[in-house]
Amino acid sequence: MSETITFKPETLAQVHQIIGRYPQDKKKSALIPILHLAQKDFDGWLAVPVMDYVAEILDIKPIEVYEVATFYTMFNMKPVGKYVLEVCQTGPCMLNGSHDIINHIKKTLNIKNGETSADGLFTLKNAECLGACGYAPMMQLGKFYHENLTKEKVDEILELCRQGQIALD
Ligand code: FES
C-alpha cells in the first residue's frame with residue numbers, strides 16, 4: 001500500500017467505529033459504508049490504490065473490494081466532477097421524459113454519459129430506479145433527490161451548482 005494513502009484522522013475514527021459494529025472475523029460487513037467514506041475522502045472516486053487501502057484495513061483481498069465497488073453505480077471508478085448528476089433512466093422515469101432530461105444535460109454541458117464537463121464541475125451518470133418513481137423524472141445529486149424534473153428545472157439546478165448553492169450532503 002502506498003504510504004500517501006490514508007484517511008483523514010476524523011474519517012479514520014469513523015472507520016474504526018463502523019468496524020467495531022461487527023465481530024472481528026466479519027469486518028468485511030463494514031465494506032460499503034467504508035467505501036462511501038473513502039469516496040468522500042479521496043476526491044469523489046475510488047482509485048485502485050484507495051480500494052487496496054480499504055482491503056488492507058478490513059483484512060480482505062483487494063478483489064473483494066473491487067467486486068463490490070464496481071457492482072454499485074454509486075461508486076465512481078474514475079475521477080468525477082464536483083456535481084455528479086445521476087439521472088434515473090428506469091421505466092417510470094423513462095415514460096415521464098428522463099431521456100429528454102438526459103439529452104438536455106448532454107447538450108447543455110456538452111458531455112456524454114459518464115463524462116465530465118470541461119469546467120470539471122459536472123459528471124453525468126445514468127442510474128437505475130432510485131425509488132422515487134412517483135416523482136419521475138428524477139435525479140440524485142449528492143445525498144439529495146431532485147424530482148419532477150423539467151428542462152427548466154434542470155437549468156436552475158445547474159446554475160445553483162455553479163453558484164455553489166446546492167447542498168450535496
Ligand atoms: S423509475 Fe426512476 S425513481 Fe424509480
Side-chain angles (χ1 to χ4, degrees), residues 11 14-15 17-18 21-22 28-48 50-51 54 58 60 63-169:
T11 309
Q14 274 180 281
V15 165
Q17 190 262 331
I18 292 167
R21 294 176 192 160
Y22 304 99
K28 187 181 175 184
S29 303
L31 178 55
I32 288 181
I34 290 176
L35 284 177
H36 278 294
L37 292 175
Q39 186 160 273
K40 200 169 170 197
D41 251 19
F42 299 104
D43 301 321
W45 70 292
L46 298 170
V48 169
V50 170
M51 292 191 281
V54 169
L58 293 175
I60 58 178
I63 185 68
E64 296 178 84
V65 179
Y66 307 161
E67 284 168 350
V68 171
T70 56
F71 180 79
Y72 292 104
T73 57
M74 62 213 179
F75 296 122
N76 302 312
M77 295 294 107
K78 60 182 186 181
V80 290
K82 179 175 179 188
Y83 301 99
V84 180
L85 310 166
E86 297 180 75
V87 186
C88 175
Q89 57 169 2
T90 306
C93 280
M94 190 186 71
L95 290 172
N96 282 285
S98 64
H99 282 184
D100 286 344
I101 296 298
I102 290 168
N103 286 334
H104 181 66
I105 293 172
K106 285 180 178 172
K107 206 169 148 195
T108 303
L109 299 176
N110 195 25
I111 53 176
K112 298 187 183 117
N113 282 325
E115 290 184 349
T116 298
S117 57
D119 58 10
L121 271 186
F122 302 100
T123 298
L124 174 63
K125 278 176 79 174
N126 282 346
E128 298 306 330
C129 182
L130 291 164
C133 321
Y135 309 96
M138 60 78 68
M139 70 175 169
Q140 184 169 359
L141 192 43
K143 287 188 177 169
F144 296 101
Y145 282 5
H146 296 267
E147 300 163 337
N148 300 310
L149 293 176
T150 60
K151 292 178 190 174
E152 294 71 28
K153 204 163 170 182
V154 167
D155 289 340
E156 278 171 35
I157 293 167
L158 296 180
E159 191 48 38
L160 287 170
C161 288
R162 290 189 188 97
Q163 294 170 11
Q165 290 180 22
I166 283 274
L168 294 175
D169 59 17

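Whatever order the structure lists ligands and atoms in, that order sets their numbers, starting from 1. The chain is numbered in sequence order, starting from 1.
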Colleague: At less than 4.0 angstrom from any non-hydrogen atom of Cys88, what atoms of ligand 1 do you find?
Modeller: 1 (S), 2 (Fe), 3 (S)
Colleague: Could you tell me if the side chain of Ile157 sits less than 4.5 Å from the side chain of Leu149, heavy atoms only?
Modeller: yes
Colleague: Atoms of ligand 1 less than 4.0 Å from Cys93 heavy atoms?
Modeller: 1 (S), 2 (Fe), 3 (S)
Colleague: Compute the minimum heavy-atom distance from Gly91 to ligand 1 and say whether it is under 4.0 Å.
Modeller: no
Colleague: Is there a side-chain contact between Leu141 and Leu85, using heavy atoms and a 4.5 Å cut-off?
Modeller: yes
Colleague: Ile105 versus Val87: any side-chain heavy-atom pair under 4.5 Å?
Modeller: yes
Colleague: Considering only heavy atoms, does Cys133 approach ligand 1 within less than 4.0 Å through its side chain, its backbone, both, or neither?
Modeller: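 Under 4.0 Å from ligand 1, Cys133 contributes backbone and side-chain atoms.
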Colleague: Using a strict cut-off of 4.0 Å, indicate which atoms of ligand 1 neighbour a heavy atom of Thr90.
Modeller: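 Taking each heavy atom of Thr90 in turn, ligand 1 has 1 (S) under 4.0 Å.
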Colleague: Within the side chain of Lys28, is there an N or O that forms a donor-acceptor pair under 3.5 Å with the backbone of Ile60?
Modeller: no
Colleague: Out of curiosity, is Ala132 lining ligand 1, as in a heavy atom under 4.0 Å away?
Modeller: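 Yes, that is the case, since the closest heavy atom of the residue is under 4.0 Å from the ligand.
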Colleague: Is atom 2 (Fe) of ligand 1 less than 2.8 Å from at least one N/O/S atom of Cys129?
Modeller: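 No - counting backbone and side chain alike, Cys129 has no N, O or S atom under 2.8 Å.
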Colleague: Salt-bridged, Glu159 to Arg162, with N to O below 4.0 Å?
Modeller: yes
Colleague: Could you tell me which non-hydrogen atom of Ala38 sits nearest to which non-hydrogen atom of Val54, and how far apart they are?
Modeller: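 Here Ala38 and Val54 meet closest at CB-CG2, 4.1 Å.
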